[in-house]
Each structure stands twice: as structure tokens, then as C-alpha cells.
Amino acid sequence: MMRGINHQDIFYDEEDYFQFIETLSRMQTRFDDKGHPCGTNFTLYAYCLMPNHVHLLIRECEDNLGEAVKRISSSYVFYYNRKYSRDGHLFKERFKSEPVNDMAYFIVLLRYIHQNPIKAGLVSKVSDYKYSSWREFTAQKAPEYRICNTKSVLKRIPSDELEAFINEPLSDDEVCLDNDNAVQKLRLSDDQVWQNITSLTHTTTAVGFQRLGKQQQRNTLRELRKRGASVRQLERLTGISRGVIQTI
């Protein structure tokens, strides 16, 4: 997630949004000294541009993540400063990031990213927002750009299943990257979580929990989330993937 410095807007009109999308497209390709394409800097799977921040789902290739974000931000800031007769920084110094270690969490992030405009009250449907990558995944509306690797995703999950999941409303505690606008809830301590796990399952260790039947695991995790345990806390204590927990 890249956020405007002091939470200021980084997009003011349609030209700004499309300039950033064009920048994402251009920065994926690596060129040699003669200007010929010679590789891929990064692979983009999804994006959503909000007025004062950007969500990107990226896979490192030739560039590491820091280099990729630097290329993107430097190019856009050059355009933005020239257009609005300003100088200096536009984005916060450090972007926020986290690794995606399994397909379950990858799909959770797809939903979270594309539902940002709904949570912000900008649109009522995911497909109505022009400045995200969702239209690349569906034939409902023609996308203005095609810059994401949607084929890799659609090979793993049928388009109708993906669409149903993406449009399923997010719960209030489904938060990625500790978004500054997240609603903070009362959380259980680790000891309290284990007291609840033991009471519900008669297990006292992560290994014991992982040996439970899948349905009992799901029922227990669902109940623990209702009682105030966070997704990250449950992942750390039980060893169950964050993506699995968030889909329960």
C-alpha cells in the first residue's frame, strides 16, 4: 500500500488515475541499454487506486519490491509535480507491505483490494469502480486497461466462483496491512485465546489443534473470531494459514 504524504490526495482527476495505471503498465517491462524489452521488472496481479492511497498485488521478478515501488512512485511523482507546479515528496517515505504465502490469502487480498471503493462509500458494486483491476477479471464491463496477469488466477479458480467471492461483503475485522481506517475492536490476549481453545476443543497446543477435524477447526476459529481473537493472532497461535482463517 502506497499512501499520500500526510494523507493528502494523490489523484485529482481522471487523467491522474489513468496516468498512474499507464505507469504501472510501463514499469513492468525491463529494457536494455538500447531500449529493447529484455525482461519483466515485476508481475502485477491486482490494483486499486483510491483518492489518497494505492493497493498493489505484486510478484517480484527482476526488481525486488522496493525497487519496483521506487520505479512506479518516481515516475508518477515526476508527472504529478510537473502538472500541478509543485516539488517535493508525494508519497509517504515507506510503503506498507506483507508477503502472500498461499493461494487462500491471495484470494482474500483480491477481495480486500477490490472492495476498497465500497468500504469508502465511492460505489455500491465492485464492478462500478473504474480505477481498479476488477474489470480485467470479468466480462461485465470492458476495462480501460489490461495490465494484470489474470490468467494465472483464473487457471486456479473458476471465474464464477471468483466473482461470487469478490462480491461477498467483507467483515469489519477483515483488515490487511493494518489499514489506518480500520475499526479497532477489543482483542483477547494470547492466554485468553488458549483458554477458549482448550474449553472448546480440549487441546492445549498448536499441534493438537492441527490434528482436529477440519470442521471442528473451522467451527472453533469462527467462534474465536466472534469472541475477539484477531486473524493474525489465530494464525500465530494455531499455525493455520491466515488465508484459511479469513475465508471462514
Side-chain angles (χ1 to χ4, degrees), residues 1-3 7 46 48 50-57 92 94-126 129 132 134 157 161-248:
M1 182 172 68
M2 304 163 62
R3 185 179 288 283
H7 295 260
C48 185
M50 300 293 285
N52 67 359
H53 68 279
V54 174
H55 287 281
L56 305 174
L57 188 51
K92 275 189 173 182
R94 180 63 185 171
F95 57 90
K96 290 185 178 182
S97 65
E98 63 181 11
V100 182
N101 295 317
D102 56 53
M103 191 62 183
Y105 190 50
F106 182 97
I107 299 300
V108 167
L109 283 172
L110 279 181
R111 179 170 64 174
Y112 179 81
I113 288 171
H114 289 118
Q115 285 207 17
N116 253 243
I118 294 178
K119 297 202 80 170
L122 299 178
V123 293
S124 57
K125 295 190 299 183
V126 171
Y129 196 65
S132 82
W134 180 241
I157 179 170
E161 290 183 21
L162 180 63
E163 186 169 349
F165 185 77
I166 295 300
N167 285 293
E168 181 182 333
L170 287 167
S171 63
D172 288 339
D173 64 346
E174 206 156 10
V175 177
C176 303
L177 290 175
D178 295 323
N179 193 304
D180 296 342
N181 297 322
V183 176
Q184 296 300 313
K185 291 188 172 184
L186 180 64
R187 296 299 187 192
L188 300 176
S189 69
D190 287 0
D191 286 342
Q192 288 173 319
V193 171
W194 272 117
Q195 289 172 11
N196 278 272
I197 292 175
T198 301
S199 173
L200 292 167
T201 67
H202 305 293
T203 59
T204 58
T205 66
V207 172
F209 187 85
Q210 290 168 22
R211 288 174 178 169
L212 297 172
K214 296 297 184 184
Q215 191 57 52
Q216 188 177 9
Q217 286 183 12
R218 292 175 65 85
N219 291 342
T220 303
L221 291 168
R222 186 182 296 114
E223 180 60 27
L224 290 168
R225 290 186 66 185
K226 289 180 181 177
R227 296 183 183 185
S230 71
V231 173
R232 283 181 172 81
Q233 188 179 35
L234 290 174
E235 178 188 36
R236 175 167 50 80
L237 296 177
T238 67
I240 302 299
S241 160
R242 169 187 338 183
V244 171
I245 295 170
Q246 287 194 305
T247 58
I248 291 173

From [X] atom [atom1] to [Y] atom [atom2], the distance as rounded to the nearest 0.5 Å:
X	Y	atom1	atom2	answer
Glu163	Ile157	CD	CD1	11.0 Å
Tyr105	Tyr112	OH	OH	8.5 Å
Asn167	Leu162	CG	CG	9.0 Å
Thr220	Gln215	OG1	CD	9.5 Å
His53	Arg3	NE2	CZ	5.5 Å
Ser132	Gln115	OG	CD	11.0 Å

Completion exercise
Quick note, side-chain hydrogen bond (donor to acceptor under 3.5 Å, both in side chains) partners involving residues 200-211, not counting sequence neighbours, are Thr201-Thr203
Practice task
Could you list the residues that satisfy salt bridge (charged side-chain N to carboxylate O under 4.0 Å, His left out) with Asp102, not counting sequence neighbours?
Solution key: none
What closest approach, in Å, do [X] and [Y] show between heavy atoms, and which atom pair accounts for it?
X	Y	answer
Ala46	Leu110	CB-CD2, 3.5 Å
Leu200	Gln216	O-NE2, 4.1 Å
Ile166	Ile107	CD1-O, 4.5 Å
Ile245	Arg225	O-NH1, 3.0 Å
Phe95	Met2	CB-CG, 4.2 Å

Validation row: [X], [Y] side chains within 4.5 angstrom (heavy atoms):
X	Y	value
Thr238	Leu224	no
Leu237	Phe209	no
Tyr129	Met50	yes
Leu122	Pro51	yes

Could you work out, with side-chain hydrogen bond (donor to acceptor under 3.5 Å, both in side chains) as the rule, every residue matching [X], not counting sequence neighbours?
X	value
Arg222	Asn219
Thr198	none
Glu235	Arg242
Asn101	none

Exercise for the section: Would you confirm whether Ser199, through its side chain, and Gln195, through its main-chain N or O, come within 3.5 Å as a donor-acceptor pair? Expected result: no
Problem - Donor-acceptor under 3.5 Å (Gln192 side chain, Ala229 main chain) - result: no
